[in-house]
**Q** 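One structure follows; several queries about it will come next.
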Amino acid sequence: MSWKKAALAAGVGFAAGYLAKQQIEQYQNITPEKALKNAKETFKKHGPISGSWIYMKPETIEKNGLQYNAYRGGVTRSIDGQNKQYEFYADAETGAVIDVVESV
């Protein structure tokens, strides 16, 4: 096999691998860590947070008649000297916060 054919085969293989990687990343859920980071950034817009957590396995939830594959997590904020806890659901595909409820 000549070096031209070998170079062509290597180039085609590289291009195919790159395109396959792009397609896989497009349809893959974001990581729970990334979802938590997005949620924390959203909460920080309204003041500092002192703690956070997230479940690593997504759950199926229904909100406004739509079903979502979502991560459940929570943050703790200090408001007027008192700790307030909030639970949230973040979309497993986009990381957007879907729902927030203050824990009692």
Side-chain angles (χ1 to χ4, degrees):
M1 183 153 82
S2 71
W3 68 272
K4 290 180 184 179
K5 288 183 181 179
L8 179 63
V12 170
F14 176 77
Y18 180 77
L19 291 173
K21 178 183 175 284
Q22 295 297 321
Q23 290 295 315
I24 290 170
E25 286 179 353
Q26 182 177 355
Y27 294 106
Q28 201 170 36
N29 288 346
I30 66 167
T31 64
E33 292 85 3
K34 179 77 171 162
L36 180 59
K37 180 180 176 188
N38 290 346
K40 286 170 62 174
E41 288 173 0
T42 301
F43 277 97
K44 283 182 183 179
K45 291 178 184 176
H46 301 286
I49 61 172
S50 58
S52 62
W53 57 270
I54 194 162
Y55 284 119
M56 302 303 273
K57 279 191 157 186
E59 306 172 7
T60 301
I61 66 164
E62 186 174 329
K63 179 75 176 172
N64 299 326
L66 300 173
Q67 285 196 343
Y68 294 94
N69 197 26
Y71 295 112
R72 183 163 55 122
V75 295
T76 303
R77 297 181 57 203
S78 181
I79 300 173
D80 297 328
Q82 293 184 349
N83 285 335
K84 299 213 179 211
Q85 297 182 9
Y86 298 89
E87 285 193 26
F88 65 85
Y89 284 97
D91 187 6
E93 293 179 17
T94 65
V97 176
I98 300 169
D99 192 22
V100 176
V101 177
E102 184 176 352
S103 300
V104 182

**Q** Show the nearest heavy-atom pair for residues Gly95 and Ile30, with the distance to one decimal.
**A** CA-CD1, 3.1 Å
**Q** For the side chain of Thr76 and the backbone of Ser50, is there at least one donor-acceptor N/O pair under 3.5 Å apart?
**A** no
**Q** Determine the minimum heavy-atom distance between Val75 and Ser52, stating which atoms define it.
**A** CG1-CB, 4.0 Å
**Q** Is there any ring-ring contact (aromatic ring centres under 6.0 Å, His included) pair reaching into residues 55-74, and which pairs are they, with sequence neighbours excluded?
**A** Trp53-Tyr55
**Q** Measure the CZ-CG distance between Phe43 and Leu36 for me, rounded to the nearest 0.5 Å.
**A** 10.0 Å
**Q** Report the distance from atom CD1 of Ile98 to atom CZ of Arg72, rounding to the nearest 0.5 Å.
**A** 13.5 Å
**Q** In Å and rounded to the nearest 0.5 Å, what is the NZ to CG distance from Lys63 to Asp91?
**A** 13.5 Å
**Q** When you look at CD of Gln82, are more than 12 heavy atoms from neighbouring residues, nucleotides or ligands closer to it than 6.0 Å?
**A** no
**Q** Should Leu66 and Tyr89 be counted in the same cluster of Ile, Leu, Val, Met, Phe, Trp and Tyr side chains packed under 4.5 Å apart?
**A** yes
**Q** Drop me the distance from Tyr86's OH to Ile49's CD1, to the nearest 0.5 angstrom.
**A** 12.0 Å
**Q** To the nearest 0.5 Å, what is the distance between CD1 (Ile54) and CD (Glu87)?
**A** 11.5 Å
**Q** Is there a chain of hydrophobic side chains (I, L, V, M, F, W, Y, each step under 4.5 Å between heavy atoms) that links Val100 to Ile61?
**A** no
